[in-house]
Amino acid sequence: MNILMVSASGNFFGGEKVLLNLSEYFRSLDHNVEIIVPFEGEFTLEITKRNFKYHIIPIKNSFSIKAFYPFYRLVKDNNFDLIHSHGYVPNQISRIISQITDKPVVCLLHVIQDYNWENLGMKSFYYKILDRMTNALTSKIINVAVSKPVSNSAKYLKAEIIYNGVSNPDQSYDYPEKIKVFAMVGRIVNIKGIDTVLKAMKKLKDHDIKLLLYGDDITPKKKWKNKYIKYINENDLNVEMMGYIKDTQEIYSRFDVLIHASKEGHEGCPLVLIEAMIRKKLVIYSRINASKSVMKKNGIPFSTDDVTDLTDKIKEILTWEKTKIKNKIQADFDYANKRFSLNKFFKKHENIVKRLYAKKNIL
């Protein structure tokens, strides 16, 4: 089978990791996999490193009219059997191409379909209408959501839920004797709740702890990164900007506790939460729907944007002895290891493709 994956970004974040994991799995089943990317970036470097062929087609938003014809020609000229699309903008265009070329499409929803006026203005109406229209137009389609909150945010898509999965790390991780080093892993941007965490660090200056910020600011002028660096320097905080690091093992070997402070509406099924639990890290997370859906009763939740609540939770775990730390981390690890199996994630996607081609006997 020839499978065409369609990415929403040339940057390398959670959604792109999921796309690559699926690509490698389908290739292991002897299918040919190629990838559409909207622009060159860290993601295309990863694609090249893993020996996948990719095509630059500028699907930057739902108004990317110039992307339609090259997308159509790519599918027709290369006789792709399946379009596997990731993200609501690629999903909309992929559904149209699917209908024109008579090729099945799997549309993966990575984040909450947040079509609200505050974020998008007049575009919010356009996106809602287009999403409904393209979904109704396409006859050979299965929508997949990475969590229940994502599925519920666009119920008209009737998306099936397949939670993200992660692989077990090659390296074993030791339980910390005491909690000393915290980290945030992800884009350096306001929606990740970095402001809240930095304010908590200011309140905790008298404690012997450190915060590492992994990731980069992809805005042209690095406005968020510059803002946070200024705040860190002005308040003399023990916070280090680590930048973007590819090596997951290196990242998780340097800290004891992950803080995931994202704001509501900007997450789907945060991979970093699962990765941290699998790597035996304590997890503190904001009570947004996506994170609650992943964590259930595990980890340590705090009220989103509530600096005092976050500060109190950090103060509490700083008093924990080794046994309590170990027991909590082990319980979270056991939960994540059972629920977020990468093999289970793969098999469910494979079954979806089989259903689309049940009568054609391609798989």
### Query
With Val106, which of Leu22, Asn143, Leu82, Ile83 fulfils side-chain contact (heavy atoms from CB on, under 4.5 Å)?
Leu82
### Query
Counting only heavy atoms not in Lys158, do more than 12 sit closer than 6.0 Å to its NZ atom?
no
### Message
Determine whether Lys222 and Asp216 satisfy the following criterion, side chain to side chain contact (heavy atoms under 4.5 Å, CB included), listing intermediate values before the conclusion.
### Response
CA-CA 8 Å; Lys222 310 289 185 185; Asp216 207 352; 3.8 Å; yes
### Query
Below 4.0 angstrom, N of the basic side chain to O of the carboxylate: do Arg279 and Glu275 qualify?
no
### Task
May I ask you to decide if the ring planes of Tyr163 and Phe340 are parallel, tilted or perpendicular, using 30° and 60° as cut-offs?
perpendicular
#### Entry: cation_pi(Lys281, Phe255) dist<6.0 Å, angle<=45
yes
### Task
Answer yes or no: is there a donor N or O on one side and an acceptor on the other, between the side chain of Asn235 and the main chain of Leu237, under 3.5 Å?
no
### Message
Between Lys210 (side chain only) and Asn238 (backbone N and O only), is there a donor and an acceptor less than 3.5 Å apart?
### Response
no
### Message
Between Lys313 and Glu316, does any NZ, NE, NH1 or NH2 come within less than 4.0 Å of an OD or OE carboxylate oxygen?
### Response
no
### Query
Measuring from Leu310:CG to Met201:CE, what's the distance to the nearest 0.5 Å?
10.0 Å
#### Entry: Thr134 backbone acceptor or donor facing Thr138 side chain under 3.5 Å
yes
### Task
Look at the side-chain heavy atoms of Ile, Leu, Val, Met, Phe, Trp and Tyr, link any pair under 4.5 Å apart, and say whether Leu109 and Tyr156 land in one connected group.
yes
### Minimum heavy-atom distance between Thr304 and Arg287, given as atom pair plus value
OG1-N, 3.5 Å
### Message
Rounded to the nearest 0.5 Å, what separates atom OG1 in Thr308 from atom NZ in Lys315?
### Response
9.0 Å
### Message
Can you tell me how far apart CD (Glu350) and CZ (Phe26) are? Round to the nearest 0.5 Å.
### Response
6.5 Å
### Query
Is Lys178 salt-bridged to Asp256, going by a charged N under 4.0 Å from an acidic O?
no
### Task
Considering only NZ, NE, NH1 and NH2 on the basic side and carboxylate oxygens on the acidic side, decide whether Glu240 and Arg254 come within less than 4.0 Å.
no
### Task
Please step through side chain to side chain donor-acceptor pair (under 3.5 Å) for the pair Asp195 and Tyr231, ending with a clear verdict.
CA-CA 9 Å; Asp195 310 67; Tyr231 186 88; over 6 Å; no
### Task
Enter the distance from Tyr72:OH to Leu74:CG here, rounded to the nearest 0.5 Å.
12.0 Å
### Task
Report the C-alpha distance between Trp320 and Ile179 in whole Å, list the side-chain angles of each, state the deciding distance to 0.1 Å, and finish with yes or no for side chain to side chain contact (heavy atoms under 4.5 Å, CB included).
CA-CA 8 Å; Trp320 288 7; Ile179 301 299; 5.7 Å; no
### Query
Ile251 and Leu213: same hydrophobic cluster, using ILVMFWY side-chain contacts below 4.5 Å?
no
### Message
Assess the residue pair Ile112 and Glu264 against the criterion (side chain to side chain contact (heavy atoms under 4.5 Å, CB included)); give the C-alpha distance rounded to whole Å, side-chain angles, the decisive distance to 0.1 Å, and a yes or no.
### Response
CA-CA 9 Å; Ile112 288 172; Glu264 189 64 80; 4.0 Å; yes
### Query
Do any N or O atoms from the side chain of Ser23 and from the backbone of Leu19 form a donor-acceptor pair under 3.5 angstrom?
yes
### Query
Roughly how far apart are Ile191 CD1 and Lys263 NZ, rounded to 0.5 Å?
9.5 Å
### Message
Would you compute the distance between atom CD1 of Ile35 and atom CZ of Phe43 and round it to the nearest 0.5 angstrom?
### Response
5.0 Å
### Message
Between Arg95 and Ala136 (side chain of the first, backbone of the second, donor and acceptor by atom type, cut-off under 3.5 Å), is there such a pair?
### Response
no
### Message
If you apply the rule side chain to side chain contact (heavy atoms under 4.5 Å, CB included), what do you find for Ile47 with Glu34, and how did you get there?
### Response
CA-CA 10 Å; Ile47 292 170; Glu34 298 180 22; over 6 Å; no
### Message
Does Asn233, at its CG atom, have more than 12 non-hydrogen atoms belonging to other residues, nucleotides or ligands within less than 6.0 Å?
### Response
yes
### Query
At their closest point, which heavy atom of Ala261 faces which heavy atom of Val197, and how far apart are they?
CB-CG2, 3.7 Å
### Message
Check this for me: Lys205, atom NZ, are more than 12 non-hydrogen atoms of other residues, nucleotides or ligands nearer than 6.0 Å?
### Response
yes
### Message
I'd like to know whether NZ of Lys202 has more than 12 heavy-atom contacts from other residues, nucleotides or ligands below 6.0 angstrom.
### Response
no
#### Entry: Residue from Asp332, Asp334, Asn327 passing side-chain hydrogen bond (donor to acceptor under 3.5 Å, both in side chains) with Gln330
Asp334
### Query
Is any NZ, NE, NH1 or NH2 atom of the basic residue among Lys203 and Asp312 found under 4.0 Å from an Asp or Glu carboxylate oxygen of the other?
no
### Query
Under the 3.5 angstrom rule, does the side chain of Ser147 hit a backbone N or O of Ala290 as a donor-acceptor pair?
no
#### Entry: Least distance between heavy atoms, Pro176 atom then Ile329 atom
CD-CD1, 3.9 Å
### Query
Do we see a donor-acceptor contact under 3.5 Å between the side chains of Asn343 and Ser341?
no
### Query
Does Ser85 reach the main-chain N or O of Pro90 with its side chain, forming a donor-acceptor pair under 3.5 Å?
yes
### Task
Could you tell me whether the side chain of Asn135 and the main chain of Asp131 form a donor-acceptor pair under 3.5 Å?
no
### Query
Under 6.0 Å from the NZ atom of Lys328, do we count more than 12 heavy atoms belonging to anything else shown?
yes
### Query
Glu16 side chain to Phe13 main-chain N or O, any donor-acceptor pair under 3.5 Å?
yes
### Query
Between the side chain of Asp247 and the main-chain N/O of Gln249, is any donor-acceptor distance below 3.5 Å?
yes
## Note on the structure
Closest non-hydrogen atoms of Ala67 and Ile59, given as atom of the first, atom of the second and distance, are CB-CG1, 3.7 Å
### Task
Determine the minimum heavy-atom distance between Asn226 and Lys221, stating which atoms define it.
ND2-O, 3.1 Å
### Query
Minimum heavy-atom separation for Phe302 to Asp309, with atom names?
CA-OD2, 3.2 Å
### Task
In plain terms, say whether Glu321 and Lys326 are close enough for a salt bridge, that is, a side-chain N and a carboxylate O under 4.0 Å apart.
no
